[in-house]
S.K.: 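Provided herewith is a single structure, encoded as structure tokens, for subsequent inquiry.
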Amino acid sequence: MSIHTPKIEKKVTLTTISRMKGVEPITMVTAYDALFAKLFDGEVEMILVGDSLNMSFLGEEDTLSATMDQMIYHTKAVCNGAQLPLIVLDMPFGTYTSPETAIKNASRAYQETSAQAVKIEGGKERAHIVEALTKNSIAVLGHIGLMPQFLRSDGGYKIRGKDQIDIDVLVEDAIALEKAGVFAIVVEGVKAEAAEAITKAVSVPTIGIGAGNSTDGQVLVWSDMFGFFEAFKPKFVKQYCHGAKEIREGLEQYRNEVKSREFPSSEYTY
Ligand code: KIV
């Protein structure tokens with residue numbers, strides 16, 4: 001049964017998010033432009049300008065070719081559209097290969113947009129990068145489990161946490177990220193038991209995507225959840241509306257009306 005929750009009325013900060021762990025589930029969606037960001041304003045605590053835009057907007061096969069310029073352009077648009085959610089810019093592949101590169105690129109995110117945090121993929125092997133950023137006052141959202149930017153080195157999109165050994169690895173990753181100063185951790189594509197173990201092991205909120213129902217929050221890609229992305233539908237995606245179908249129906253009606261000269265009628269004419 002769904003409940004009616006009040007709209008968010010105050011600017012969401014890092015402190016708001018930290019305080020929500022164990023109190024109230026956190027909602028996060030992706031957005032890539034001002035129009036949709038405005039629709040999401042006041043409805044969710046966080047917006048992720050995800051590098052998934054490389055697939056759903058640019059039509060590429062994966063996220064790997066997204067660039068810092070692209071992420072900055074879209075984050076500016078999202079910040080123009082939404083005032084209240086905490087906005088996170090997703091650092092693209094290759095932009096945080098060393099602490100110096102990460103600081104240089106993440107500083108651009110802060111200087112050129114009003115994003116409040118950046119997201120980077122990786123566990124304990126990238127904790128030193130997270131630490132370099134947080135020590136330089138750049139807030140970081142971690143991302144462990146299935147990491148789309150590493151699909152080539154990982155040999156494809158693989159669900160994690162299927163046995164105790166891998167659950168222990170994921171828990172170690174989360175603890176290392178917490179020590180390095182992340183304010184929250186995205187946990188993607190892991191078995192529900194693994195996500196639960198991670199969530200219990202850290203004091204920062206976990207935000208799940210394809211990670212079951214015991215994380216501290218959930219994130220979905222907007223074009224998936226509203227039925228616009230039709231190339232494939234992962235098991236964890238619930239479609240809250242059928243966007244592509246409605247657009248097609250609207251377009252068909254428009255085409256028919258233009259062809260039959262029903263549109264524009266006098267109502268739409270100067
Ligand atoms: O790029 C993205 O949209 C993401 C989410 C899937 C968490 O990283």
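Keep in mind that the numbers below use all heavy atoms, side chains included, and drop hydrogens, waters and symmetry copies. Counting starts at 1 for both ligands and their atoms, following the listed order.
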S.K.: Anything under 3.5 Å between an N or O on ligand 1 and a protein N or O? List each pair with its distance, or write none.
M.R.:
| unit_1 | atom_1 | unit_2 | atom_2 | d |
| --- | --- | --- | --- | --- |
| ligand 1 | 1 (O) | Asp51 | N | 3.1 |
| ligand 1 | 1 (O) | Asp51 | OD1 | 3.0 |
| ligand 1 | 1 (O) | Ser52 | N | 3.0 |
| ligand 1 | 1 (O) | Ser52 | OG | 3.3 |
| ligand 1 | 1 (O) | Asp90 | OD2 | 3.1 |
| ligand 1 | 3 (O) | Ser52 | OG | 2.6 |
| ligand 1 | 8 (O) | Lys119 | NZ | 3.1 |

S.K.: Looking only at the aromatic ring of each residue, does the gap between the centers of Phe229 and Phe232 stay below 6.0 angstrom?
M.R.: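 So the answer is yes for these two rings.
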S.K.: Inspect the contact between Arg248 and Glu252 and indicate whether a charged nitrogen and a carboxylate oxygen are less than 4.0 angstrom apart.
M.R.: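 Not counted as a salt bridge, because no side-chain N and carboxylate O are separated by less than 4.0 Å.
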S.K.: Is Arg160 positioned over the aromatic face of Phe150, cation under 6.0 angstrom from the ring centre and no more than 45 degrees off axis?
M.R.: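 No; the conditions do not both hold, so Arg160 does not lie above the ring face of Phe150.
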S.K.: Is it true that atom CD of Glu61 has more than 12 heavy atoms of other residues, nucleotides or ligands lying nearer than 6.0 Å?
M.R.: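 Atom CD in Glu61 is not packed in, count stays at 12 or less.
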S.K.: Which of these passes side-chain contact (heavy atoms from CB on, under 4.5 Å) with His74: Leu89, Asp51, Leu53?
M.R.: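 Option passing the side-chain contact (heavy atoms from CB on, under 4.5 Å) with His74: Leu53.
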S.K.: Please check if the number of heavy atoms outside His128 that lie under 6.0 Å from its NE2 is greater than 12.
M.R.: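 Atom NE2 in His128 is packed in, count exceeds 12.
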